[in-house]
Amino acid sequence: MTTRRETGSSGGAARGGPRTLAEELRARPDGALAALLRARPDLLNPVPGDLTQLATRAGTRASAVRALERLDRFALQAAEALAVAPDPCPYGTLSALMTGDAPGDPRIAEALPRALATLREQALVWGGEDRLRLVRTVRELLAPSPAHPSPTGLGPTVAEATAGMSPGRLQQIIAAAGLPGTHDPVSAVASLTALFEDRTRMAELLAGAPAEATTVLGRLLWGPPYGTVTADPAPHLRWLLDRGLLLPASPGNVVLPREAALHLRGGRAHRTPEPVAPELAPAAPHSTRTVDATAAGQAFTALGAVEDLLSAWESDGPLVLRAGGLSVRDLKRAAAVLDTTEEAAAFWIELAYAAGLLASDGEVDERYAPTPAFDDWLHLPAEQRWARLATAWLAATRTPGLVGSRDAKGRPLNVLGAELDRSPAPEVRHRALALLATLPPGASVTADTLLDRMHWERPPRTPAEPGTEDLRTRLARWALAEAELLGVTNRGALSAPGRALLGPEGEAGTKPLSDAEQGACAVRAAALLAPLLPEPLDHILLQADLTAVAPGPLKRPLAQVLGVLADVESKGGATVYRFTPASVRRALDAGQTAADLKAFLTEHSRTPVPQPLAYLIDDVARRHGRLRVGAASSYLRCDDEAMLAEILADRRSAPLRLRRLAPTVLAAQAAPDALLEGLRAMGYAPAAESAEGDVVVTRADAHRTPPRTAPAPVPEGPPVPDETLLGAAVRAIRAGDLASTAERKPVAAPAPAGGGLPRTTSADTLATMQAAVLTGAAVWIGYVNAEGAASQRVIAPVRVEGGFVTGYDHTADEVRTYPLHRITGVAELADEPA
């Protein structure tokens with residue numbers, strides 16, 4: 001077999017096939033090179049100088065791993081089969097490894113050319129159909145080894161497993177297998193390999209195997225192919241060891257050789273080839289009207305959650321931890337404010353942060369607070385506010401699902417912490433939603449069905465630990481849950497606004513969107529959402545039990561005033577507000593009067609103001625401000641001497657350390673704010689006053705951070721280049737390749753050692769340039785720029801004057817001017833470049 005392979009290799013060379021990957025890339029058209037750079041954008045950083053550099057970079061381990069991670073399951077299975085096939089491998093051999101000896105699934109034969117074309121396009125495979133070669137690094141990554149078993153479950157070949165075995169032991173094995181003796185180990189290995197690859201003779205050999213031996217082979221058949229044996233193996237194991245069906249791998253360990261395993265498998269490299277992506281069979285159809293309406297309701301709830309959270313943090317935001325992020329206690333408080341779970345609260349916090357509405361204020365006692373962008377966001381229509389949140393969510397690499405877990409060093413991951421970025425998150429979100437977009441409107445699939453499809457498109461390279469899921473699977477599950485919370489999907493189906501976010505109809509999620517395209521998609525999504533959102537109301541319903549019912553969302557001015565005057569008791573389809581002495585006092589502290597509050601309620605209530613509520617407002621207003629607290633250290637004054645006496649006699653005032661200064665004035669050693677809180681706790685309604693004696697409006701100002709930009713997503717590798725960059729890169733690589741491979745006429749001066757830049761005298765350089773201008777020929781030059789960087793270029797000179805040469809630079813694909821004193825040498829090309 002070895003001799004035949006060598007003959008095939010010679011024949012391939014004789015037929016003029018490419019000898020290296022660089023040669024194959026050189027023969028590809030520009031469109032194919034652009035497709036390679038588009039599929040593997042890491043090859044462009046920086047732009048390779050020529051095709052040899054491009055081929056070398058494509059074969060580096062980091063780039064090869066990244067390319068393998070982006071293959072679908074069947075293309076990866078084809079690469080894994082090539083890794084266990086002879087090198088080079090004819091197409092027929094690869095096809096046999098995928099289909100097996102018996103006629104198999106016709107879809108495999110149909111899909112294999114596509115998979116091979118994908119591998120070739122991404123420069124993972126090269127060579128003609130009769131001489132397919134995996135890039136060396138890819139073969140090393142996928143080939144079986146004891147440390148890294150192959151996904152095929154195959155082990156080493158007979159030649160690899162017997163390397164280092166004594167010649168005498170080899171002769172014993174082939175004799176036990178019924179083969180004639182040989183004169184050297186090489187021919188012995190070839191004889192044993194030929195036996196295992198011969199289906200007829202191998203079947204005859206196994207027909208005499210003990211039943212227990214067949215059972216052992218069955219256990220090792222699909223991998224892992226390694227097992228352990230004792231120093232005195234059982235007779236059925238001894239039978240296998242004597243005939244080479246189990247070969248020693250290390251002391252106490254044996255391995256099933258690859259050729260024997262392929263015979264037992266019927267020639268198949270994989271137990272279950274998967275040539276076709278799993279179908280996304282809809283689980284349950286829903287009415288599009290129901291899906292869109294319910295998703296719109298959830299979108300409105302999302303807006304309320306973000307607004308409530310940031311409104312609660314605008315006066316007293318939580319502290320930033322020393323290591324960054326939000327404490328667990330503050331997360332629990334946020335969940336209580338939003339009346340939701342901690343997981344959902346973490347999502348809303350991270351969403352506000354990703355949208356640029358929340359940040360740290362950068363003060364000495366650093367706190368989280370809304371940004372100035374929050375005020376602008378509040379004044380947008382509801383549909384535009386939602387579109388901004390949804391767009392930020394799609395692009396964010398922040399992953400709130402990780403909150404509560406631990407990093408590699410065992411440290412907990414907190415909300416808003418620095419360790420929550422996961423680069424694959426945006427791509428996983430986009431792909432999950434794009435797959436839903438391929439279904440008919442209103443149709444949904446189960447999460448497991450969707451994950452099966454995503455696993456086929458991007459199979460995990462490293463299996464997760466038992467009982468856990470790989471990162472991309474968890475990201476997909478979180479994406480589906482977050483899309484439901486945000487109203488992008490509902491009941492597992494994509495809503496019309498969510499579909500619009502992904503791109504134009506028919507192209508949703510099929511290609512990356514530019515910023516302008518994403519903005520246009522957000523506008524379309526907002527337009528589709530607008531008619532589905534409830535119209536804000538300008539009225540409430542007052543009830544006799546000191547409550548008010550808002551039968552729907554309220555207009556912003558009404559909601560803001562009512563939020564100060566009353567406390568939210570319950571939320572849902574309708575919001576219930578409760579009036580209490582504390583809430584009424586809060587409104588009075590904000591500068592309102594009793595008459596203002598009654599007028600406001602009369603104007604916006606569809607029912608008359610109940611008498612109990614009017615009495616409550618009058619009673620609190622009558623007592624509000626009778627006591628005045630100032631900043632002496634502090635003091636308390638009141639025109640009612642009896643009330644001051646009552647306060648002094650109350651034992652609850654002892655912590656305030658009050659003493660009478662005058663019949664209507666008490667002094668306290670407590671601070672003014674502590675004195676206010678203490679008196680309110682005793683049931684009084686004091687008011688603060690200024691140094692001039694005026695009542696101070698004590699409403700806390702809304703705190704904002706300095707202007708902040710939204711956090712930039714952490715990209716997963718370099719971005720996909722646009723067509724302009726691809727075209728320029730291909731032209732530069734072609735020109736550089738021309739400069740490095742064009743045949744050159746010998747120069748008068750000897751070439752430098754190592755094949756460096758040409759060296760000619762200044763006179764020879766000038767003469768050659770002037771001759772090239774007259775003949776229109778292209779020349780090869782060595783050039784050193786102002787920074788001292790040396791390069792070689794192919795130029796077509798058009799003018800030489802004033803110590804400069806001007807010409808068309810094939811490397812840069814533009815006309816350039818070079819100082820003659822920086823040109824180290826020049827040589828004419830043997831043939832003019834095309």
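Quick caveat: nothing in here was measured; it's all calculated off a predicted structure.
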Side chains of Ser63 and Arg57: is there a donor and an acceptor less than 3.5 Å apart?
no
Determine whether a donor-acceptor pair (N or O, by modelled atom type, separation under 3.5 Å) exists between the side chain of Thr272 and the backbone of His270.
no
What I want to find out is whether Glu24 reaches Arg133 closely enough, with some N-O distance under 4.0 Å, to be called a salt bridge.
no
Can Glu140 and Arg61 be counted as an ion pair, charged N to O under 4.0 angstrom?
no
So if I apply the side-chain contact (heavy atoms from CB on, under 4.5 Å) rule between Leu237 and each of Val229, Val254, Asp242, Thr230, which one comes out positive?
Val229
I'd like to check Leu435 versus Glu457 (side-chain heavy atoms, cut-off strictly below 4.5 Å). Are they in contact?
yes
State whether Asp101 and Arg265 are salt-bridged, where the test is any N-O pair (Lys NZ or Arg NE/NH1/NH2 against Asp/Glu carboxylate O) under 4.0 Å.
no
Arg458 versus Arg431: any side-chain heavy-atom pair under 4.5 Å?
no
Should Arg120 and Glu129 count as an ion pair when the cut-off is N to O under 4.0 Å?
yes
Interatomic spacing from CZ in Arg243 to CZ in Phe196 - rounded to 0.5 Å:
10.5 Å
Heavy-atom count check: over 12 atoms from other residues, nucleotides or ligands less than 6.0 Å from Arg169 CZ?
yes
side-chain contact (heavy atoms from CB on, under 4.5 Å) partner of Leu220, chosen from Leu246, Leu264, Val255
Leu246
Would you mind reporting whether Leu112 and Thr99 have side-chain heavy atoms less than 4.5 Å apart?
no
Is there a side-chain contact between Leu192 and Leu170, using heavy atoms and a 4.5 Å cut-off?
no
